[in-house]
2 protein chains.
Amino acid sequence: MADTARHSEPRYGNRPTMKDVAARAGVGLKTVSRVVNAEPGVTPDTERRVQEAIDALGFRRNDSARVLRKGRTASIGLVLEDLADPFYGPLNRAVEEVARSHGALLINGSSAEDPDREQELVLALCARRVDGLIIIPAGHDHRYLEPEIKAGVATVFVDRPAGKIDADAVLSDSFGGARSGTAHLVAHGHRRIGFIGDQPRIHTAVERLRGYRAAMAHAGLPVDDSWVSLGTTAPDRVHEAVVSMLKAPEPVTAILTGNNRVTVTVVRALAAHDRPVALVGFDDIELADLLDPGVTVIAQDAATLGRTAAERLFRRLDGAADAPNQVVVPTRLIARGSGELPPSADR
Amino acid sequence: MADTARHSEPRYGNRPTMKDVAARAGVGLKTVSRVVNAEPGVTPDTERRVQEAIDALGFRRNDSARVLRKGRTASIGLVLEDLADPFYGPLNRAVEEVARSHGALLINGSSAEDPDREQELVLALCARRVDGLIIIPAGHDHRYLEPEIKAGVATVFVDRPAGKIDADAVLSDSFGGARSGTAHLVAHGHRRIGFIGDQPRIHTAVERLRGYRAAMAHAGLPVDDSWVSLGTTAPDRVHEAVVSMLKAPEPVTAILTGNNRVTVTVVRALAAHDRPVALVGFDDIELADLLDPGVTVIAQDAATLGRTAAERLFRRLDGAADAPNQVVVPTRLIARGSGELPPSADR
DNA sequence: CATTCACCTGACAACGTTGTCCAGGGCCTA
DNA sequence: TAGGCCCTGGACAACGTTGTCAGGTGAATG
């Protein structure tokens, strides 16, 4: 009864191989290969016999072996920060769409904003010999990628630039977006504007803060330290920041938020507040138009980010060898009400 | 100058192999393998020499080759409907988390609700010899998977059951959720309740419709054909359905929606309507609590779905051989206002 | 000093596929 | 009918890794 496994026991689940198919069809190994790959040079009759054997045995070509022989895996890795963040959904899909159109599969994983985990994941992908990598970096030092890139792994960074290496990157215009969002609030009469952003480790967080400061400076407005809060996007910290900005002796009359998670928390916090406070959020959020007032946002085009990055990656894989460069995707301010509220009466 | 590539040109980007490392370190091939895999039986001195060669050459083990030899790829495939749908984000992440804890990578793709594309994707994953599959099925016939399952590919279906084969499945309680949502509306005095759901090809859509009908029947209420709309979740179709239900001679006073995308569209449509209409939505949506009124929903626990499925998958991979079974994850009704509105005055 | 034994080390085959190359046979033409 | 050519088919090696097994060295023991 016992199926005699020779030494250990590879052969996956005892799947038939081309050899088995060849034996059953009474042809040579290579002929089976030709049929499977629709290569020319096989008589219709022989082809039919081989095909029957394939169907009868339930043979399916082992791409692992194929990859080993051919040197290309037809798969790319996508490392993002959190698979569950709605901002990355459209990006993920756009990348998948492009990969699919190039016949490649997508392997992905989350770094959870942890540089070590990012590196571990990226190197695991390299060990699988993905043809290319699209990375939303969590860390600031990507020199560990140098040997990989030199060995031919095409690499494109998205949303944030690479650290300490020269690589392609596709970024949103964080600085410009934050600046125009802030200017929008200033234009509506606000002079004390708060900024609540993500951790200063994160490139986009810093850029957005810079944009905010630039707009304030341009308007000749001071920025009080108590109006700026950077840190994790955990709801309780953000909530606390909102409360302290509003309870201060010189309370802010408007807030600029640094990303979608912060925006959502701030909307909640402001709903519980008595005076209206203006709000402009970075990243669009679903249903923002249905709230009262609608949430004015600086929308990023996540799908374009992903598509652009993936297209650049495949252009590299097709041999494009021009110097690495950065593409900046513009943002768009969508006015819905919350950013157009006038300053509420002072204390 | 020209690097003489012997025949074609495999060797990825001319990456060093264990052979190269061995030559440089002046040791045998297998010794390098031992060092790389931290196997016992290597003198510290030899190990150091090998390690130096590894670092100098920038060697990284080729897992493709390893996989071929070992028979396990330590990767699983996740096929879902749309990577960008916020409902699948937490599910995706939960699966990834479990995979990660088992040292496996996640390959994923979208079926776009197209059975052919689902099959194509699944078979591509099988050709890569993923160890297991987690599938949110788009099609209704999965007999094409039989040879794969027989060959040892562990397979778990999520959100919707497998078609025509006996396989593990982890489902939400669509029927019970829709029934309790409908009963909730009935309890608040509604007698004419509409249902707007997804395409009847989709299992959950049918189950939810069944739950709705069951609750109506249980309450002794008739269901007029014009109150039920099944089809794509495209906003214009859904919008049209809302309008026609509200403009009918016997207009509905409440609506039950079949999924998150429908709910969002209906919220928009109702906002433009003059009379208040009660609403209960299937699936929770972000910010639902901030709308006015808050949106009452039947919440599904997508993360639990994903985690449960992934855990079952790995239990199978670890050898669990009990009969395939179905797990049903309960839903939870979250009352926020929209589902508690009384029927508005008749015409 | 010889023998045993433990421990390291390396040669070799195998995983399943594809590229190369050659052999055999049929068919056309001279 | 012989010669040559094209078309089909198969043997073989190679991709980079790991399992098996045998050889070799040094220390410990009788």
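Here is the naming used below: chain letters follow the sequence lines, and residue numbers restart at 1 for every chain.
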Do the side-chain N or O atoms of [X] get closer than 4.0 angstrom to the phosphate oxygens (OP1, OP2) of [N]?
X	N	answer
Arg69(B)	dA13(C)	no
Ser33(A)	dT18(C)	yes
Lys70(A)	dG19(C)	yes
Asn62(B)	dC15(D)	no
Arg129(B)	dC15(C)	no

For the backbone of [Y] and the side chain of [X], can you confirm whether one donor and one acceptor N or O come within less than 3.5 Å of each other?
X	Y	value
Arg160(A)	Pro137(A)	yes
Thr43(A)	Asp45(A)	no
Asn92(A)	Tyr88(A)	no
Asp131(A)	Ala74(A)	yes

Measure from [atom1] on [X] to [atom2] on [N] and round the result to the nearest Å.
X	N	atom1	atom2	result
Glu39(A)	dT17(C)	CD	P	14 Å
Arg66(A)	dT17(C)	CZ	C1'	9 Å
Lys19(A)	dG9(D)	NZ	C1'	18 Å
Leu68(A)	dG19(C)	CG	P	13 Å
Met18(A)	dA14(C)	CE	P	20 Å

Which of Leu125(A), Leu83(A), Asn108(A), Val130(A) passes side-chain contact (heavy atoms from CB on, under 4.5 Å) with Leu78(A)? Answer is Asn108(A)

- prompt: Taking atom types as modelled and ignoring hydrogens, do the side chains of Ser110(B) and Glu96(A) form a donor-acceptor contact shorter than 3.5 angstrom?
  reply: yes

Within the sub-3.5 Å range, which N or O atoms of nucleotides 6-10 of chain C have a protein N or O partner, and how far apart are they?
| from | atom 1 | to | atom 2 | distance (Å) |
| --- | --- | --- | --- | --- |
| dC8(C) | O3' | Thr43(B) | OG1 | 3.0 |
| dT9(C) | OP1 | Thr43(B) | OG1 | 2.6 |
| dT9(C) | OP1 | Thr46(B) | OG1 | 2.5 |
| dT9(C) | OP2 | Thr43(B) | N | 3.0 |
| dT9(C) | OP2 | Thr43(B) | OG1 | 3.3 |
| dG10(C) | OP1 | Gly28(B) | N | 3.4 |
| dG10(C) | OP2 | Gly28(B) | N | 2.7 |
| dG10(C) | OP2 | Thr31(B) | OG1 | 2.6 |
| dG10(C) | O5' | Gly28(B) | N | 3.4 |
| dG10(C) | N7 | Arg34(B) | NH2 | 2.7 |
| dG10(C) | O6 | Arg34(B) | NH1 | 3.4 |
| dG10(C) | O6 | Arg34(B) | NH2 | 3.3 |

Could you run down the sub-3.5 Å N/O contacts of the protein with nucleotides 22-25 of chain D?
none

message: Mind checking if Asp63(B) touches a base, just sugar-phosphate, or nothing, with heavy atoms under 4.0 Å?
response: nothing

Can you say whether the rings of His102(B) and Phe314(B) are parallel (under 30°), tilted (30 to 60°) or perpendicular (over 60°)?
parallel

